[in-house]
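Written below as structure tokens is the structure these notes are about.
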Protein chains: 4
Amino acid sequence: MKKEKSETKAAARIRAQKERVLAAAQACFVERGFHAASMATIASTARMSPGLIYRYFENKNAIILAIIEQQLTVARQRIRQLQSAENLSKRIFDYLDEKEPEDEKSISIPLYLEISAQATRDPQIAEALRRYDVTVRSELGDWLRRGRGDGGCGLPDDDVAERALMLLCLIEGLKLRAPRSPALDPRKLRKILDELLETLVSGPV
Amino acid sequence: MKKEKSETKAAARIRAQKERVLAAAQACFVERGFHAASMATIASTARMSPGLIYRYFENKNAIILAIIEQQLTVARQRIRQLQSAENLSKRIFDYLDEKEPEDEKSISIPLYLEISAQATRDPQIAEALRRYDVTVRSELGDWLRRGRGDGGCGLPDDDVAERALMLLCLIEGLKLRAPRSPALDPRKLRKILDELLETLVSGPV
Amino acid sequence: MKKEKSETKAAARIRAQKERVLAAAQACFVERGFHAASMATIASTARMSPGLIYRYFENKNAIILAIIEQQLTVARQRIRQLQSAENLSKRIFDYLDEKEPEDEKSISIPLYLEISAQATRDPQIAEALRRYDVTVRSELGDWLRRGRGDGGCGLPDDDVAERALMLLCLIEGLKLRAPRSPALDPRKLRKILDELLETLVSGPV
Amino acid sequence: MKKEKSETKAAARIRAQKERVLAAAQACFVERGFHAASMATIASTARMSPGLIYRYFENKNAIILAIIEQQLTVARQRIRQLQSAENLSKRIFDYLDEKEPEDEKSISIPLYLEISAQATRDPQIAEALRRYDVTVRSELGDWLRRGRGDGGCGLPDDDVAERALMLLCLIEGLKLRAPRSPALDPRKLRKILDELLETLVSGPV
DNA sequence: CATGAATGAGGATTCATTCAT
DNA sequence: GATGAATGAATCCTCATTCAT
């Protein structure tokens, strides 16, 4: 009994420490990129010694893996908060402008890109990223499928996965490119996005 | 006369050497990533000494810049070969499946991503990438604007730039994610893409 | 208490390590020159890894800076031990023959020269060297000014700085050139030096 | 006959080429220092190819040797132009202010220092520098010895060499340190220099 | 003679990882 | 558990020198 309790305590501590590392690593990766963020920087951001990190993560790559895993939760939450299709484009634009409350926890697009790039080399990361994509798409799909009464879109099961993918392309593509395209008119952008979402979400005629 | 000829020869050699470096660098970057590909690796891939690369490029970053610049030509060619909107989705799918002839010269999406990630840190690369994006969007925009008789889409000038951006998001988003989503049905994907392109390209009613 | 003590220990270690590096660097610089002495050589002379040096000094230049700074103390000590003007020329000759106890800590003239040469290129080193010169001249000046009863020379304030400079030119010039002039007669040299010092130190008539 | 003449021509060409290299090298060394001046820079300053330099000098060190040798002539000239002791301090101050016509051909003090530093390592350079010093001192000595009627100082043979050394220390020491001591008053400096020169040059009482 | 492209060893510096305390 | 000093391999880049043309 006593032992069990102390093990539980120990386990809790381990989880807490891991999270401390992950939070610090994410902050560093976002700010400086995966390669530019050194273990020393991460350690000092997490206010621990470099050596201690290795008690919780085998190496730097393992940290990335854990971060991807963590993002699953964040992304799921975001999607679950989607309500009716009506305010979808507003939500997307808020996301582009980083007005969403979850954004502080979520990885930035540059980091996502760097991870994607890394994935083409490291199979473990590729696998983690694939699982991430699958989950996000399936959550998005669920929302498309869900009845309109339940805050969903009421699309037939048939091609929901494919529509979810398109939706993702639009959202993440805009997130990546919008900051590089300051000359574009947000209102026109939104009007066209509305047309596309209409096409995408109202289903086949 | 003699001098002129020899100068031409020298210039040709320089161009050839630069291309040798660029080809080797592109191969290494694609295979191993920007950071993991060392100058030594690039040099040995190009079958030259490390020092020689610096005769043609000031530093490693300059190689990335040159690669981006080179992509402008490839991307432009690809867009110029766009004909009527009818076969657009076919062209896109050929591009996803890498059946296009230009693909061997074109950078892979992972490399594009890594460059994008690098751009958030290096202002020179950011600028080059911005120019790349602007050019591609403007070429796409030209095509959207051009008369249907000329193999274009005949869209009014008004929001062509914004539509071009959306088009880009869809194409590049699919190029990135499709390989990670083997379970999706290409025919359904194409049907939905057709609907979206129809919305995007047929213009406001 | 415990913490305080351990902090003191840490600080002591840092100082000790820095001194280890400085001693090794000084030896290497003297033996091989600033440029020819590689960080690897310095490291192995100090019996540490190259990387460790960078924990204590930002870069190679910082080592030179620290060496100059260190010389301030040595030079000051040497000047403070100056007593009456009578035995000045003896002290100088002892210095030329390296019979002074501080000499093991003091930089050699070649190193001083190389540092001087480096100063014409690196502004930081120039500044450090200027401070060094100013301090040495001002200490020498203090001695010239101090009353004869206090072991000084009792010169009027008026042109003490200029006299100190001349004194320095003679001392360091001899230190540099004497070893290259073995044919010269030390006794005659000393006699003339005495005359010059007399002129310099007894002040305006 | 013909052959002799062409050999003479060839020899002249070789000398001309060597001088071209030396002039370029000296300019580069003065501006950037011995180590920072690359053979490529020297070559392009001399408007020849790097490879060609090696036809005339075995390596970079040989260039330094030749420069020292060359300085003998310049220094000799300068000393020979010394007239009576009266205007000596004026000449020295002109030299400090670089108003002398020979200065463009003469090596700068930083370069002299760097060479001196190098001399403590490279015996060939040490030997060349020693010869340089001996020559300069002996020329200065000749001047001190020469009769006052001949524009000399009329000192007795006895300790002329030692006096010449002291003179050199003062001149070169000032040349080195004056630029680092802007706060000093040139008039006072000159007054004291005059006193010292008086002591040095008027001989034993 | 002359070129300048090519070499490759060697330079300073960084950083993931380990391990004595 | 926790530290952070220490390691040393690896990185980018430079440059004296050579040699095919």
Side-chain angles (χ1 to χ4, degrees), chain A residues 10 13-14 17 34-44 46-63, chain B residues 6 9-10 13-14 16-17 20 34-44 46-63, chain C residues 6 9-10 13-14 16-17 20 34-44 46-63, chain D residues 10 13-14 17 34-44 46-63:
Chain A
R13 175 169 187 82
I14 288 177
Q17 291 283 64
F34 177 61
H35 291 282
S38 72
M39 291 299 273
T41 311
I42 295 171
S44 91
R47 294 168 162 273
M48 40 170 82
S49 65
L52 192 50
I53 293 183
Y54 286 82
R55 184 169 290 275
Y56 302 109
F57 294 94
E58 208 185 357
N59 51 34
K60 210 180 170 189
N61 246 324
I63 297 179
Chain B
S6 83
K9 253 194 196 167
R13 172 162 200 88
I14 288 177
Q17 292 285 66
R20 218 165 115 204
F34 178 62
H35 290 282
S38 73
M39 291 302 273
T41 312
I42 296 172
S44 88
R47 295 168 161 271
M48 30 170 93
S49 64
L52 191 52
I53 294 183
Y54 289 86
R55 177 174 284 271
Y56 302 109
F57 295 94
E58 214 183 7
N59 50 35
K60 208 180 170 188
N61 247 330
I63 297 179
Chain C
S6 84
K9 252 193 197 168
R13 174 164 198 87
I14 288 177
Q17 291 284 67
R20 218 165 116 206
F34 178 62
H35 290 282
S38 73
M39 292 300 274
T41 312
I42 296 171
S44 88
R47 293 170 162 272
M48 32 171 89
S49 64
L52 191 51
I53 293 184
Y54 288 86
R55 177 175 284 271
Y56 301 109
F57 295 94
E58 213 182 6
N59 51 36
K60 208 180 169 187
N61 247 329
I63 296 179
Chain D
R13 175 171 187 79
I14 287 178
Q17 292 283 66
F34 177 61
H35 291 283
S38 71
M39 291 298 273
T41 312
I42 296 171
S44 92
R47 293 168 163 274
M48 39 171 83
S49 65
L52 193 50
I53 293 183
Y54 285 84
R55 182 170 291 275
Y56 301 109
F57 295 94
E58 208 186 358
N59 52 35
K60 210 181 168 188
N61 245 326
I63 296 179

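Just so you know, these numbers come straight off a predicted model, no measurement behind them. Order of the sequence lines fixes the chain letters, A, B, ..., with proteins taken first and strands second; residue numbering starts at 1 for each chain.
- Position along DNA chain E of the nearest nucleotide to A:Ala40 versus D:Ile14 favours D:Ile14 as the more 5'-ward residue.
- Across all non-hydrogen atoms, the minimal contact from C:Ser49 to C:Ala43 is C-CB, 3.9 Å.
- Distance check: C:Ile42 CD1 to C:Ile63 CD1 gives 5.0 Å after rounding to the nearest 0.5 Å.
- The side chain of C:Ser38 sits closest to E:dA12 out of E:dT17, E:dA12, E:dT3.
- Rounded to whole Å, the distance from CD1 on B:Ile53 to P on F:dT11 is 13 Å.
- With both pairing distances under 3.5 Å, F:dT21 is matched to E:dA2 as a Watson-Crick or G-U wobble pair.
- Distance from the side chain of A:Ser49 is smallest for F:dA2 among the nucleotides E:dT17, E:dT7, F:dA2.
- B:Ala37 comes within 4.0 angstrom of the backbone, heavy atoms only, and of no base.
- Protein atom CZ of B:Phe57 is 16 Å distant from nucleotide atom C1' of F:dC12, rounded to whole Å.
- With the nearest nucleotide of DNA chain F identified for both D:Asn59 and B:Asn59, B:Asn59 has the one nearer the 5' end.
- A donor-acceptor contact shorter than 3.5 Å links the side chain of B:Arg20 to the backbone of B:Arg47.
- Note on C:Gln17: a side-chain N or O is less than 4.0 Å away from OP1 or OP2 of F:dA6.
- Judged by closest nucleotide on DNA chain F, A:Tyr56 is the one of A:Tyr56 and B:Thr41 placed further toward the 5' end.
- Both A:Met39 and C:Lys60 lie near DNA chain E, and the one whose nearest nucleotide falls closer to the 5' end is C:Lys60.
- The nucleotide F:dA9 finds its pairing partner in E:dT14, both defining distances of the Watson-Crick or G-U wobble pair being shorter than 3.5 Å.
- Atom-to-atom, OH of D:Tyr54 to P of E:dT3 comes out at 15 Å; the value is rounded to the nearest Å.
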Intermediate values then yes/no, side-chain contact (heavy atoms from CB on, under 4.5 Å), A:Gln17 and A:Arg55: CA-CA 10 Å; A:Gln17 291 283 64; A:Arg55 184 169 290 275; over 6 Å; no
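- With F:dG1, F:dT7, E:dC1 as the candidates, the nucleotide lying closest to the side chain of A:Arg13 is F:dG1.
- Checking F:dT18, F:dG1, F:dA6 against the side-chain heavy atoms of C:Leu52 singles out F:dA6 as nearest.
- Spacing between atom CZ of D:Arg55 and atom P of F:dT17 amounts to 17 Å, rounded to whole angstrom units.
- Comparing the P positions of E:dC1 and F:dT21 gives a spacing of 22 Å, expressed to the nearest Å.
- As judged by a 4.0 angstrom heavy-atom cut-off over every strand, D:Glu58 is placed among residues making no nucleic acid contact.
- Whole-Å rounding puts the C:Met48 CE to E:dA12 C1' distance at 17 Å.
- Considering every non-hydrogen atom in both B:Lys60 and B:Phe34, the closest pair reads NZ-O, 2.9 Å.
- Atom NE2 of A:His35 is separated from atom P of F:dC12 by 12 Å (rounded to the nearest Å).
- The side chain of C:Pro50 approaches F:dG8 more closely than any other nucleotide in the set F:dG8, E:dG8, F:dA2.
- Rounded to the nearest 0.5 Å, atoms NE2 (A:His35) and NE2 (B:His35) are 5.0 Å apart.
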